[in-house]
Amino acid sequence: SISDPTEIQSFLDNFNSQAQAVFYKQSEVSWTYYTNITDYNQKLMLDEQLMSAKFSQEAYRNATRFNLTVMTQEDRRLFIKIMDIGTAAQTNETKLAYLNKVQSDMETIYSTAKVTMPSGQRLPLDPDLTQLMATSRNYDELLAAWLGWRAESGGKMKNLYAEYVEYNNEAVKILGHADTGAYWRSWYDTPTFEDDVRALFDQLRPLYEQLHAYARRKLKQIYGNDKFPSSGHIPAHLLGNMWAQQWSSLIDELTPYKGKPTLDVTDEMVRQNYTAIRIFQTADDFFKSLGMIPMPDTFWDKSLLEKPQDGREVVCHASAWDFYNGRDFRIKQCTVITAEDLETAHHEMGHIEYFLQYKDQPVSFRDGANPGFHEAVGDVISLSVQTPEHMHSIGLIPTVSNDTESDINFLMSMALQKIAFLPFGYLIDQWRWSVFRGETTPEKYNEEWWNLRCRYQGISSPVPLTSSDFDPGAKYHIPAGVPYIRYFVSFVIQFQFHKALCDEANYRGPLHRCDIYNSKPAGTLLSNMLKLGSSKPWPEAMNLLTRQRKMDAQPLMDYFKPLLEYLRQENGNDYGWHPICPTDPTEI
Ligand SMILES: CC(=O)N[C@@H](CC(=O)O)C(=O)NC[C@H](CC1(C(=O)N[C@@H](Cc2ccc(O)cc2)C(=O)O)CCCC1)C(=O)O
Ligand SMILES: [Zn+2]
């Protein structure tokens with residue numbers, strides 16, 4: 001095998017320039033499809049995916065000819081990443097083409113699904129059903145939207161999913177992975193990763209149990225006790241969100257102390273005629289205030305920041321795109337003028353900032369230190385933006401009151417976004433890992449999904465399950481094949497990052513009121529970590545930013561400590577739920 005340093009270097013240089021061209025083309029063709037869903041554009045994208053797979057297969061074959069033992073640590077790391085080609089390892093072109101087609105067809109079903117409401121209106125998820133789930137307080141209307149969506153999305157792809165699992169597993173086994181779940185977990189390069197995330201979740205469950213109990217009591221007042229099963233579960237369609245994954249739209253009902261200024265800035269944004277552009281300029285301004293890299297002109301020229309009104313079908317699920325040429329970076333978001341979309345804009349721009357910071361790394365290092373890092377960047381900035389202090393400074397709330405009651409109100413609004421999410425962020429890939437392992441077979445897909453939803457999230461289906469249902473398919477990341485544990489990891493480490501940056505900014509107060517806006521030292525510390533991309537093992541990146549090497553839920557627990565005390569006071573013994581789903585969901 002080849003050990004000559006000159007040959008090693010020329011292989012790497014060659015790969016890097018060829019890969020940029022191939023990945024650029026693939027990004028462009030995918031972008032065209034995602035911003036204009038047609039059979040023709042899908043075919044172009046699928047053809048390009050086969051070309052790109054051939055390039056990866058050849059790079060893999062060439063890379064195996066080299067002797068990794070004589071290389072520098074950096075070069076060895078590059079070779080290992082060049083050989084990590086995922087499902088492109090499937091050299092049987094018919095099988096690979098079929099796998100890519102099934103995956104794309106499931107995502108298309110999801111992205112073009114519409115629900116015919118009792119009124120006769122045909123509503124897409126974005127923005128109509130999302131808006132309805134957030135604003136309606138009518139039990140039957142919410143149920144109609146929820147039943148309609150599960151039927152039009154998941155209900156249309158159950159058999160496709162079983163095939164996706166089979167073909168995906170077969171492809172990654174060629175690389176030596178046990179199954180697709182093992183392949184996805186390998187990106188964290190931590191043998192104890194599964195145990196680590198379980199330990200974090202167990203540590204955080206008491207926080208969630210208290211929030212769940214508080215929400216359940218308030219929802220019973222709204223909808224009546226008879227709508228809630230005696231098992232303690234909350235019916236899945238009542239949490240203000242299609243998947244009950246974040247409960248922020250219930251803030252008005254769940255605010256502990258009424259009569260204080262509202263923390264939901266949506267109305268004020270509308271009153272001030274906020275536009276999508278202005279939402280993204282607000283986010284860009286924050287990164288600039290930290291001395292970080294502003295969005296380049298191509299970003300403003302080529303992003304798609306609003307749902308097109310020209311009849312085109314687009315994938316409205318927001319996303320951030322790296323075109324791998326060091327110049328072209330875009331966001332696609334069907335932005336609506338809400339507090340939630342202001343938060344999403346910061347999330348997406350966090351991805352772009354990461355792309356910008358590591359754009360001069362070799363292509364194989366243009367990734368997050370681990371996938372959770374990539375999801376945390378924007379959310380860290382958003383933790384500062386959402387403070388009453390910062391919302392006041394950008395004119396979205398009239399006064400800042402930090403008396404105890406206002407403080408609890410603010411912590412409650414953040415808990416509805418961050419704590420409510422934890423079991424959902426945890427259970428999605430618990431389900432998928434069990435499916436990829438073959439522990440959950442197709443006839444058990446939906447039953448096992450609800451077992452996890454009942455056990456970890458304490459919510460249950462408002463109607464009995466039927467064998468044709470496939471509720472996992474009603475959540476974007478399942479048909480789109482996008483892993484999810486990255487978000488659970490992000491929701492823990494973003495508070496570690498926030499604490500580290502607040503320390504760097506010489507902030508002294510309680511963590512939940514920290515706003516790092518304008519702190520160049522904080523910006524420099526964050527940038528230095530982001531510049532690494534995936535060139536170093538993630539504990540090194542974590543250490544550079546936070547001076548410790550492990551994921552740690554303590555900063556998150558400290559952030560919400562005052563709220564936990566309040567909730568314990570409020571709930572007394574009225575908390576918790578039976579781990580098993582209620583037999584008759586409408587049982588009284
Ligand atoms: C080319 C490409 O695909 N790029 C990747 C990024 C990359 O890998 O470089 C990408 O753009 N992925 C899309 C995905 C979109 C969103 C999402 O799906 N969020 C989760 C969970 C969540 C919810 C609230 C929150 O505050 C944070 C997370 C959900 O909505 O369930 C939608 C709203 C926010 C983020 C994303 O940005 O992560
Ligand atoms: Zn993200």
Side-chain angles (χ1 to χ4, degrees), residues 23-24 26-31 33-35 45 103 107 110-111 125-127 130 133 184 187 241-249 279 283 303-304 315-324 328-336 338-359 366-383 385-386 413-414 416-429 457 472 474-495 530 533-534:
F23 293 171
Y24 174 77
Q26 185 174 351
S27 297
E28 272 289 11
V29 170
S30 297
W31 176 268
Y33 172 69
Y34 275 69
T35 57
M45 180 179 71
Q103 158 96 69
E107 184 164 357
Y110 183 96
S111 297
L125 178 68
D126 285 303
T130 301
M133 296 303 290
W184 289 0
W187 297 326
N241 172 281
M242 187 62 84
W243 309 278
Q245 70 180 68
Q246 288 174 304
W247 306 345
S248 305
S249 42
I279 284 180
S303 289
L304 184 129
V315 175
C316 259
H317 195 84
S319 56
W321 296 57
D322 185 349
F323 283 75
Y324 290 102
D328 199 345
F329 309 89
R330 305 176 203 170
I331 286 174
K332 174 186 60 55
Q333 183 172 328
C334 299
T335 310
V336 289
T338 61
E340 187 179 350
D341 265 26
L342 176 67
E343 207 260 321
T344 299
H346 284 83
H347 179 95
E348 296 309 328
M349 199 169 280
H351 287 303
I352 305 288
E353 185 64 30
Y354 216 157
F355 298 151
L356 290 165
Q357 292 282 351
Y358 61 50
K359 68 177 171 49
R366 293 186 205 166
D367 254 325
N370 75 39
F373 276 60
H374 230 300
E375 299 309 334
V377 181
D379 282 14
V380 167
I381 302 305
S382 185
L383 286 174
V385 170
Q386 294 188 70
S413 74
M414 293 308 290
L416 297 179
Q417 190 187 126
K418 300 295 182 185
I419 303 299
F421 181 80
L422 295 172
F424 187 76
Y426 179 71
L427 72 85
I428 295 240
D429 280 350
Q457 234 182 330
K475 176 63 194 173
Y476 174 78
H477 299 70
I478 303 283
V482 177
Y484 209 84
I485 200 68
R486 59 184 60 179
Y487 298 111
F488 177 78
V489 168
S490 161
F491 274 53
V492 171
I493 65 176
Q494 65 185 243
F495 288 89
L530 298 179
S534 61

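These numbers were taken from a predicted model, which means no experiment stands behind them. Note that ligands are numbered from 1 as they come in the structure, with each ligand's atoms numbered from 1 the same way.
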Subject >> Per-atom contacts, ligand 1 versus Q246 - under 4.0 Å to a heavy atom >> reply: 23 (C), 24 (C)

Original post:
By side-chain hydrogen bond (donor to acceptor under 3.5 Å, both in side chains), which residues pair with K359, not counting sequence neighbours?
Top reply: none

Original post:
Applying a strict 4.0 Å limit to heavy atoms, is K475 in contact with ligand 1?
Top reply: yes

Original post:
Going by the atom numbers of ligand 1, which of them fall below 4.0 Å from some non-hydrogen atom of E348?
Top reply: 11 (O), 15 (C), 16 (C), 34 (C), 35 (C), 36 (C), 37 (O)

Original post:
With a distance cut-off below 6.0 Å to the six-membered ring centre and an angular limit of 45° from the axis, does R330 pair with F323 as a cation-pi contact?
Top reply: yes

Subject >> Atoms in ligand 1 with a heavy atom of E343 nearer than 4.0 Å >> reply: 26 (O)

**OP:** Note the single closest protein heavy atom to atom 15 (C) of ligand 1, along with its residue, its atom name and the distance in Å.
**Re:** A318 O, 3.1 Å

Original post:
Got a sec, which pairs hit salt bridge (charged side-chain N to carboxylate O under 4.0 Å, His left out) with one end in residues 478-491, sequence neighbours left out?
Top reply: none

**OP:** Could you check atom 3 (O) of ligand 1 against the protein and tell me its nearest heavy-atom contact, residue, atom and distance included?
**Re:** S319 CB, 4.2 Å

**OP:** Indicate yes or no: at least one non-hydrogen side-chain atom of T335 is less than 4.5 angstrom from one of T344.
**Re:** no

**OP:** Examine F355 together with Y324 and report whether their ring centres are nearer than 6.0 Å.
**Re:** no

Original post:
With a 4.5 Å limit on heavy-atom distance, are the side chains of W247 and F421 in contact?
Top reply: no

Subject >> Residues, nucleotides or ligands: over 12 heavy atoms within 6.0 Å of E28 CD >> reply: yes

Subject >> Atoms of ligand 1, numbered as shown, that sit under 4.0 Å from any heavy atom of Q245 >> reply: 23 (C), 29 (C), 30 (O), 31 (O)

Original post:
Would you call H317 and Q333 a side-chain contact if the rule is heavy atoms closer than 4.5 Å?
Top reply: no

**OP:** Provide, to 0.1 Å, the distance between atom 33 (C) of ligand 1 and the closest protein heavy atom, together with that atom's residue and name.
**Re:** T344 CG2, 3.8 Å

Subject >> Student check: side-chain heavy atoms of F373 and V489 closer than 4.5 Å >> reply: no

Subject >> ligand 1 versus D379: contacting region, heavy-atom distance under 4.0 Å >> reply: side chain

Subject >> Contact check, side chains of E343 and Q417, non-hydrogen atoms, under 4.5 Å >> reply: yes

**OP:** Mind telling me whether Y487 and H347 have parallel, tilted or perpendicular rings, with 30° and 60° as the class edges?
**Re:** tilted

Original post:
Nearest to atom 17 (C) of ligand 1, what protein heavy atom do you find, and at what distance?
Top reply: H317 NE2, 3.5 Å

Subject >> Taking atom 2 (C) of ligand 1 as the reference point, the nearest protein heavy atom with its distance >> reply: A320 O, 3.5 Å

Original post:
Looking only at heavy atoms, is any part of F355 under 4.0 Å from ligand 1, and if so is it the side chain, the backbone, or both, or is it neither?
Top reply: side chain

Subject >> Proximal candidate to atom 31 (O) of ligand 1 [heavy atom criterion; set Y484, F488, Y487] >> reply: Y484

**OP:** For ligand 1, note which part of Q417 has a heavy atom under 4.0 Å away: side chain, backbone, both or neither.
**Re:** neither

**OP:** Any atoms of ligand 1 less than 4.0 Å from a non-hydrogen atom of H351? List them with their elements.
**Re:** 6 (C), 7 (C), 9 (O), 36 (C), 37 (O), 38 (O)

**OP:** Looking only at distances, please establish whether an N/O atom of ligand 1 is found under 3.5 Å from an N/O atom of R486.
**Re:** no

Subject >> Beyond-backbone contact of P483 with D429, side-chain heavy atoms, under 4.5 angstrom >> reply: yes

Original post:
Under 6.0 Å between the ring centres of F488 and F491?
Top reply: no

Original post:
Could you give all pairs that pass the salt bridge (charged side-chain N to carboxylate O under 4.0 Å, His left out) test and reach residues 373-383, with sequence neighbours left out?
Top reply: D379-K418

Original post:
Number of protein N/O/S atoms less than 2.8 Å from the Zn ion (ligand 2)?
Top reply: 3

